[in-house]
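A quick write-up on the structure given underneath.
Just so you know, ligand 1 is whichever comes first in the structure, and atom 1 is the first atom listed for that ligand.
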Amino acid sequence: MLTQQDISHLRADFPILTQKVHGSQLVYFDNAATTQKPEIVVNTIVNHYFNANANIHRGVHFLSQKATEAHEQAREAVTDFIGAKNSKEIIFTRGTTEAINLVATSFGEKFCTKGDEIIISVMEHHSNIVPWQLLAERKRLKINIIPISEKGELDYNYFKNILNEKTKIVAITHVSNVLGTINNVKKIVEIAHENNIPVLLDGAQAIPHICLNINEIDADFYVFSAHKIYGPTGIGILYGKDKFLEQMPPYQGGGEMISKVTFEKTTYADLPFKFEAGTPDFIGSTAFAAALKYVQSIGIKQIAQYENELLKYATEKILEIPQIKIYGNSAEKSAALSFNVGNIHHYDIGVLLDQQGVAVRTGHHCAQPLMDFYKIAGTVRASFAFYNTFEEIDIFITALKKAVKMLS
Ligand code: PLP
């Protein structure tokens with residue numbers, strides 16, 4: 001396991017963590033919203049702009065070829081990171097949200113007709129609800145929802161029973177951004193595939209914490225954002241099996257995604273470019289690859305093991321607080337701790353923690369149906385990354401106790 005000495009070396013890669021907030025040392029526990037960036041990622045962006053900035057794919061000149069090579073190498077780095085077979089199945093998007101919108105629109109256009117059904121779950125982020133609702137409205141489809149237990153675990157039997165010949169796709173989060181629940185995605189995919197139904201997995205919260213092998217899971221689509229895994233904002237990934245991507249129509253039209261354009265008829269580029277209209281974020285992709293290599297150099301399994309210890313410690317400590325209620329107590333859980341204390345408003349706790357230098361997220365976490373399920377308006381969420389420490393958890397618990405005392 002990563003030692004405290006390893007962690008203090010790694011923390012030196014994140015200059016932002018040395019900041020003081022309202023006079024106190026920053027404790028950054030909002031990693032599920034976005035992670036901080038190591039120097040290597042920021043330096044890659046700066047170096048790329050200073051030394052290799054030119055638009056890609058179309059240029060004959062040196063700089064353009066250099067930038068194209070870096071962008072395509074980044075695609076290979078993503079392919080390698082998730083264990084995909086072929087880099088043509090890796091589409092660069094603006095992030096998880098755009099990737100899901102792409103699939104909902106394009107897959108929906110090709111494969112869904114009036115009366116068909118889509119399956120999602122109660123614990124989805126709005127990004128994995130609203131694009132399907134837009135599609136359902138357009139095509140008059142039905143959305144079926146998998147319920148969860150009080151602990152925050154999916155009802156797999158219910159899931160089995162609602163699958164039918166009208167179901168066209170199952171779209172489920174790998175890890176809940178509120179509950180931390182790690183869903184049994186292998187089981188979900190197996191059950192869906194027994195019925196010949198493809199599965200999209202929202203990997204936004206899984207990618208920084210779970211060692212992913214896309215072939216083992218066998219998901220048909222897998223989506224995530226770079227900024228959740230120490231990479232830059234504004235770029236993300238859609239992994240899709242080519243047997244689907246080949247059949248799906250383009251999501252957006254423009255440069256890069258065409259083979260030949262005439263006013264009579266336009267033909268489209270091969271994968272992955274068919275889905276990458278316009279100038280891509282070729283600086284972001286390179287910085288993203290740097291982030292993935294950085295994570296690989298630490299080891300995602302080591303990261304997960306250490307974060308689990310942080311979560312265990314934080315859970316034990318927080319349970320000492322009277323009237324604490326934790327949302328998400330599944331057997332398999334990732335590094336997010338959502339809670340409320342008695343009737344105290346989550347926002348008030350967030351503000352008082354901030355005044356003591358502790359950054360947490362409060363509110364509905366873009367999961368309002370999940371809040372409705374628990375009959376609450378929101379929670380406080382502390383979410384951890386490998387650069388967090390046990391000492392920071394102690395600071396957080398002390399600050400939380402103080403906040404609770406003030407608000408009780
Ligand atoms: N899905 C989940 C589970 C998330 O946690 C998030 C972001 O918090 C998203 C989707 C949306 O990600 P992005 O805003 O990077 O597109």
Side-chain angles (χ1 to χ4, degrees), residues 28-37 41 78 91-105 120-134 145-146 148 152-154 170-183 185 188 199-210 212 217 219 221-239 251 275 281 284-285 287-288 291-292 307 327-328 330 332-338 359-371 373 378-385:
Y28 186 77
F29 281 175
D30 195 17
N31 295 288
T34 202
T35 51
Q36 299 302 344
K37 316 306 168 199
V41 168
V78 176
I91 317 283
F92 284 115
T93 64
R94 282 196 302 120
T96 306
T97 304
E98 189 180 54
I100 298 174
N101 276 279
L102 189 163
V103 177
T105 305
I120 60 174
S121 85
V122 168
M123 68 169 82
E124 300 310 313
H125 187 282
H126 295 165
S127 296
N128 199 27
I129 301 174
V130 186
W132 302 110
Q133 288 177 324
L134 291 169
I145 318 287
I146 309 173
I148 58 170
E153 290 172 336
L154 289 177
V170 176
I172 303 286
T173 195
H174 191 165
V175 171
S176 161
N177 64 315
V178 179
L179 309 170
T181 308
I182 303 174
N183 288 320
V185 287
I188 291 169
V199 177
L200 176 143
L201 296 177
D202 173 353
Q205 294 297 337
I207 200 75
H209 308 295
I210 289 175
L212 185 70
I217 293 177
F221 300 100
Y222 197 94
V223 298
F224 53 97
S225 304
H227 72 96
K228 307 269 192 202
I229 180 163
Y230 316 102
T233 53
I235 186 161
I237 294 298
L238 163 62
Y239 158 83
Y251 173 55
F275 291 107
D281 185 359
S285 63
F288 186 9
L292 295 179
E307 287 169 345
Y327 299 91
S330 60
E332 293 293 319
K333 189 172 167 180
S334 175
L337 187 56
S338 277
V360 293
R361 189 139 295 242
T362 63
H364 55 63
H365 314 293
C366 294
Q368 282 178 333
L370 182 61
M371 299 297 117
F373 171 80
T379 73
V380 183
R381 181 188 67 191
S383 53
F384 311 117

Open item on the list: Students often mix this up, so state it plainly: with edges at 30° and 60°, are the rings of H126 and H364 parallel, tilted or perpendicular?
Closed with: tilted
Task: Within the protein, residues bringing a heavy atom under 4.0 Å of ligand 1, chain by chain - done: T96, T97, H125, S127, T173, N177, D202, A204, Q205, S225, H227, K228
Open item on the list: Quick check against the 3.5 Å criterion: does N101 have a side-chain atom that pairs as donor or acceptor with the backbone of T97?
Closed with: yes
Open item on the list: For the backbone of I172 and the side chain of D202, can you confirm whether one donor and one acceptor N or O come within less than 3.5 Å of each other?
Closed with: no
Task: Between H227 and T35: side-chain donor-acceptor atoms closer than 3.5 Å - done: no
Open item on the list: H125: which residues meet the ring-ring contact (aromatic ring centres under 6.0 Å, His included) condition with it, sequence neighbours left out?
Closed with: none
Task: Charged N-O contact under 4.0 Å between D30 and R381 - done: yes
